[in-house]
Visitor: 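Okay, handing you the structure first.
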Amino acid sequence: MVIRSFNIQKFERVMTSSLSPPAITPSYDFNSPQLPFILHRLECCKSMEELKQIHACIIKARPLQTQLVLDKFLSCALSTLGSLDYAQSFFSQIRNPNLYAYNAVIRGFSRSKNPMQSLLFYGEMLEKGFCPDNFTIPFLLKACAELRTLREGEGIHSQSIKNGLVWDVYVRNTLMRMYAVCGVTGAAQKLFDESCHRDLVSWTTLIQGYVENGFPGQAIQVFLEMSMTKLKADGKTMVIVLSACSELGDLDLCRKIHSYIQDNKVYLDLFVENALVDMYLKCGDIDSACRLFNSMPKKNVVSWNSMILGLTQQGEFKEALLVFRSMQRDGAEPDDVTLVGVLNSCANLGVLELGKWVHAYVDRKGIRADGFIGNALVDMYAKCGSIDQAFGVFKNMQHRDVYSYTSMIAGLAMHGEGERALDLFSEMSRVGMKPDEVTFIGILTACSHVGLVEEGRQYFEDMSRVYKLKPQIEHYGCMVDLLGRAGFISEAEEFIRKMPIEPDAFVWGALLGACRIHGKVELGERIMKKLVEIEPEKDGTFVLMSNIYASANRWRDAVKVRKAMKERKMKKIPGCSLIELNGMVHEFRKGDKSHPKTKEIYKMLDEIMSRLRQEGYVAHTMSALLDVAEEEKEHALCHHSERLAIAFGLISTSPGTPLRIVKNLRVCSDCHSVTKFISKVFRREIIVRDRNRFHHFRGGSCSCKDFW
DNA sequence: CTAGGGTTAG
């Protein structure tokens with residue numbers, strides 16, 4: 001066949017040597033026998049070389065120079081191969097190009113990486129005396145939407161009015177889309193209201209505009225309005241409506257929307273199913289999400305991601321990792337969204353080994369540890385206790401954004417490295433990176449953990465004055481914590497009184513915590529009354545108060561508080577510690593005897609205690625006395641979950657291996673001093689993450705300098 | 001022969 005034996009060298013000569021390139025004149029002859037073949041080749045065309053061969057064929061065979069071929073050729077050159085120059089030079093060979101040819105090029109450019117080109121090309125078209133038609137306008141508007149350029153978009157809008165095209169549904173819908181993308185939902189709504197014929201796309205575009213601009217409630221409103229008309233939503237509409245639902249987190253609404261899908265027999269394709277799974281998870285109905293997910297005949301990576309991320313957001317980290325395991329068993333390839341979700345779960349559980357595995361996987365796949373992935377890695381390493389590794393990833397990132405800095409600052413703060421956190425903050429302003437509200441939470445926590453009161457005050461002030469950020473309730477909480485912890489109790493109280501927002505349980509809780517550290521019984525009692533009003537079911541308040549009594553040696557009152565807790569049938573959150581060994585997570589509760597190695601663990605605990613006594617350790621019995629209701633008096637303290645985890649770690653690893661422990665509550669003061677002793681006597685580095693921060697125990701002291 | 005609306009992420 002002619003095409004196969006075509007000599008590319010000869011073709012190149014034709015292209016480059018002739019002064020005027022061979023012109024192409026489009027015809028409307030559809031009878032060429034080669035036509036279907038050439039169309040097919042264009043559709044499959046993947047390389048420039050192949051495209052040039054096809055080009056040559058078109059030049060040689062007049063009958064192939066049809067509008068359809070030209071269009072396909074242009075879109076192949078523009079969108080598949082992304083060669084704007086080549087397409088343009090091809091266009092210049094067309095003798096007397098008509099509007100159709102112009103449209104084809106404009107469309108090609110609008111879909112390319114450089115949509116601006118299509119607007120420029122449109123200018124050329126106007127200069128040649130052509131007027132846009134109902135095809136030209138949507139292409140141009142798509143380019144404007146892509147570029148988020150409202151100004152150009154408005155220009156096209158007026159052009160379409162001038163040319164009498166706004167009454168075309170396509171033109172109007174793309175106009176709506178353009179306005180929505182540029183954030184002007186009002187203009188989209190106006191176009192919608194003014195039109196006399198609205199199709200499903202009009203409704204969908206309006207709904208999507210509201211969702212994307214942060215008005216999911218409004219989006220649902222529009223959808224409900226639509227459901228009163230004769231129009232029936234299809235899958236594409238539903239996916240958007242479902243995402244609005246996810247955002248609202250309203251489970252009742254979720255179920256209503258799901259019934260709409262069933263009643264109207266909307267076809268459940270993969271998109272709709274994924275959106276349903278995502279919606280149920282975001283609304284907290286994990287069971288329904290799992291049922292749907294398990295019943296899906298086919299899943300893609302988004303299905304898996306929706307499950308993993310949704311579970312992570314619901315705080316079901318272990319489940320999220322289990323889903324990841326079955327994803328791997330299923331042979332599905334994770335993408336970077338998957339990895340972000342997995343890293344997030346690792347960070348929350350504190351499972352360093354799996355986190356490291358993900359890092360290695362990222363490297364192996366040649367994915368750069370940048371952007372989302374880089375930030376997730378920084379966060380994971382920081383929350384898993386490897387602050388140096390976190391810093392390493394951070395330093396290696398090519399593009400650091402606010403999130404990167406914020407994660408790193410919060411990480412350093414958690415590890416008690418206040419000064420380094422503040423240094424990083426100055427680096428941020430040096431490189432011109434604007435901190436956000438979350439950054440300031442990190443900064444204030446850093447100051448608080450290290451006791452940098454003056455600096456903290458300054459940052460809090462700068463936040464609104466220099467950075468124009470409005471402090472939120474969390475920031476006030478940080479400040480109360482900072483002042484109270486450092487002993488400025490009355491200033492902290494004063495601070496609360498002057499707050500422009502109503503103080504919440506966290507703010508009062510911070511002050512109550514300060515009362516415990518500084519033995520302020522009366523103030524503690526007053527705060528407790530307030531806290532019981534705000535959140536009567538919270539056990540932490542009572543525990544803290546009884547500890548305040550205990551440290552003032554008011555044992556009777558301490559016991560009374562404990563009794564009150566029992567009478568209120570409050571469930572104390574059981575202390576729970578995790579330790580990861582060889583990729584396995586071992587979980588211990590207080591007094592746990594369920595571990596297969598229980599015998600050895602308790603034997604080790606005895607050994608630890610006797611060796612510590614030899615070293616001069618005396619138990620802080622006060623916390624013990626309270627927890628003990630019945631028999632196990634002297635043992636109660638020894639069986640706090642972190643000690644079980646440490647004992648297990650000691651017998652299961654070779655000497656010198658650091659132990660990493662994650663605890664759900666805060667470390668009690670007795671366990672804190674025991675762990676210090678262990679780190680010295682057994683020569684182990686022990687890294688404990690508690691509810692608030694990290695403690696690095698080494699050689700008999702802790703990185704928190706007993707300030708926590 | 002050309003056209004518009006779709007799911008997951010700090």
Side-chain angles (χ1 to χ4, degrees), chain A residues 26 28 30 35 39 66-72 74-75 98-108 110-111 133-142 145 165 168-178 180-181 188 198-209 211-212 233-243 246 266 269-279 281-282 299-313 334-344 347 371-380 401-407 410 436 438:
Chain A
Y28 299 89
F30 297 104
L35 193 68
L39 284 175
T66 67
Q67 294 285 5
L68 182 57
V69 170
L70 300 188
D71 176 54
K72 284 269 186 292
L74 282 169
S75 49
N98 57 8
L99 186 57
Y100 181 94
Y102 275 102
N103 282 349
V105 175
I106 290 173
R107 179 186 65 164
S110 76
R111 292 173 176 174
D133 67 1
N134 54 327
F135 290 99
T136 324
I137 299 293
F139 298 145
L140 293 168
L141 288 169
K142 192 174 172 71
L165 297 166
D168 181 276
V169 194
Y170 283 86
V171 169
R172 238 182 12 253
N173 289 346
T174 40
L175 270 170
M176 283 172 59
R177 181 79 197 120
M178 181 276 296
V181 165
R198 300 162 190 144
D199 64 5
L200 188 54
V201 178
S202 320
W203 286 93
T204 311
T205 305
L206 185 64
I207 293 172
Q208 187 185 23
V211 177
E212 285 177 351
D234 66 3
K236 289 182 182 183
T237 315
M238 286 326 294
V239 166
I240 296 164
V241 173
L242 290 170
S243 74
S246 300
V266 178
D269 65 8
L270 203 47
F271 282 95
V272 179
E273 287 179 313
N274 288 344
L276 270 167
V277 167
D278 174 67
M279 175 191 73
L281 281 166
K282 293 243 171 78
K299 302 175 175 80
N300 64 2
V301 69
V302 179
S303 327
W304 291 102
N305 290 351
S306 300
M307 275 307 275
I308 292 171
L309 293 162
L311 287 167
T312 308
Q313 278 162 8
D335 66 2
D336 40 358
V337 180
T338 324
L339 299 177
V340 168
V342 173
L343 284 170
N344 215 317
F372 269 95
I373 293 270
N375 295 342
L377 278 169
V378 168
D379 184 56
M380 181 278 294
D401 59 13
V402 199
Y403 294 107
S404 328
Y405 276 95
T406 302
S407 306
D436 65 8
V438 188

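Predicted, not measured: the structure shown is a model, and the values here were computed from it. In what follows, chains carry the letters A, B, and so on, assigned in the order in which the sequence lines appear, proteins first and then strands, with residues in each chain numbered from 1.
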Visitor: From CG of A/Asp278 over to P of B/dT7, roughly how many Å is that when rounded to an integer?
Guide: 10 Å
Visitor: With a 3.5 Å cut-off and just heavy-atom distances, do the side chain of A/Asn274 and the base of B/dG6 make a donor-acceptor pair?
Guide: no
Visitor: Answer yes or no as to whether B/dT7 has its base stacked against A/Phe271, where stacking requires a ring-centre separation under 5.5 angstrom and planes under 30 degrees apart.
Guide: no
Visitor: Starting at atom CG of A/Asn98, determine the distance to atom P of B/dT2, rounded to an integer number of angstrom.
Guide: 14 Å
Visitor: For the residue pair A/Val181 and A/Ala145, what are the closest heavy atoms and their distance?
Guide: CG1-O, 3.3 Å
Visitor: B/dA3, B/dT8, B/dG6: which one has an atom nearest the side-chain heavy atoms of A/Asn134?
Guide: B/dA3
Visitor: Using a 4.0 Å heavy-atom cut-off across all strands, classify A/Val169 as base, sugar-phosphate, or nothing.
Guide: base
Visitor: Measure from the side-chain heavy atoms of A/Asp269 and tell me the nearest of B/dG6, B/dG4, B/dT8.
Guide: B/dG6
Visitor: For A/Arg111 and B/dA3, give me the distance from atom CZ to atom C1', rounded to whole Å.
Guide: 9 Å
Visitor: Side-chain N or O of A/Arg107 less than 4.0 angstrom from OP1 or OP2 on B/dA3?
Guide: yes
Visitor: Supply the atom-to-atom distance A/Leu165 CG to A/Asp168 CG, rounded to the nearest 0.5 angstrom.
Guide: 7.0 Å
Visitor: Are A/Met307 and A/Leu281 packed together at the side-chain level, in the sense that at least one heavy-atom pair is separated by less than 4.5 angstrom?
Guide: yes
Visitor: For a quick check of understanding: with a heavy-atom distance under 4.0 Å over all strands, which category does A/Asp335 fall into, base, sugar-phosphate or nothing?
Guide: nothing
Visitor: What is the separation between atom NZ on A/Lys142 and atom P on B/dA3, rounded to the nearest whole Å?
Guide: 10 Å
Visitor: Where do A/Thr204 and A/Thr237 come nearest, in terms of heavy atoms and distance?
Guide: OG1-OG1, 3.0 Å
Visitor: Do the side chain of A/Thr204 and the base of B/dG5 come within less than 3.5 angstrom through a donor-acceptor pair of N or O atoms?
Guide: yes
Visitor: What do the steps show when you test A/Asn173 against A/Ser202 for side chain to side chain donor-acceptor pair (under 3.5 Å), and what is the final call?
Guide: CA-CA 5 Å; A/Asn173 289 346; A/Ser202 320; 2.9 Å; yes
Visitor: Considering only side-chain heavy atoms of A/Asp234, which listed nucleotide, B/dG5, B/dG4, B/dA3, is closest?
Guide: B/dG5
Visitor: Would you mind classifying the nucleic acid contact of A/Asp379 as base, sugar-phosphate or nothing, using non-hydrogen atoms under 4.0 angstrom?
Guide: nothing
Visitor: Given A/Leu242, which of A/Val277, A/Val272, A/Val211, A/Asp278 fulfils the side-chain contact (heavy atoms from CB on, under 4.5 Å) condition?
Guide: A/Val272
Visitor: Which part of the nucleic acid does A/Lys299 contact within heavy-atom distance under 4.0 Å: base, sugar-phosphate only, or nothing?
Guide: nothing
Visitor: Need one value for A/Thr237: base, sugar-phosphate or nothing, where a base atom within 4.0 Å counts as base even if backbone is also close, heavy atoms only.
Guide: base
Visitor: Just compare B/dA3, B/dT7, B/dT8 and give me whichever is closest to any side-chain atom of A/Tyr170.
Guide: B/dA3
Visitor: Between atom CG in A/Leu175 and atom P in B/dG5, what is the gap in whole Å?
Guide: 13 Å
Visitor: May I ask you to evaluate whether A/Lys282 reaches the phosphate of B/dA9, defined as a side-chain N or O under 4.0 Å from OP1 or OP2?
Guide: yes
Visitor: To the nearest angstrom, how far is A/Lys236 atom NZ from B/dG6 atom P?
Guide: 8 Å
Visitor: Could you state the atom-to-atom distance from CG of A/Asn103 to P of B/dA3 in whole Å?
Guide: 10 Å
Visitor: In whole angstroms, how far is the P atom of B/dT8 from the CD atom of A/Glu212?
Guide: 10 Å
Visitor: Which part of the nucleic acid does A/Val272 contact within heavy-atom distance under 4.0 Å: base, sugar-phosphate only, or nothing?
Guide: base
Visitor: Among B/dG5, B/dA9, B/dA3, find the nucleotide with the atom closest to the side chain of A/Leu200.
Guide: B/dG5
Visitor: To the side chain of A/Val337, which of B/dA9, B/dG5, B/dT2 is closest?
Guide: B/dA9
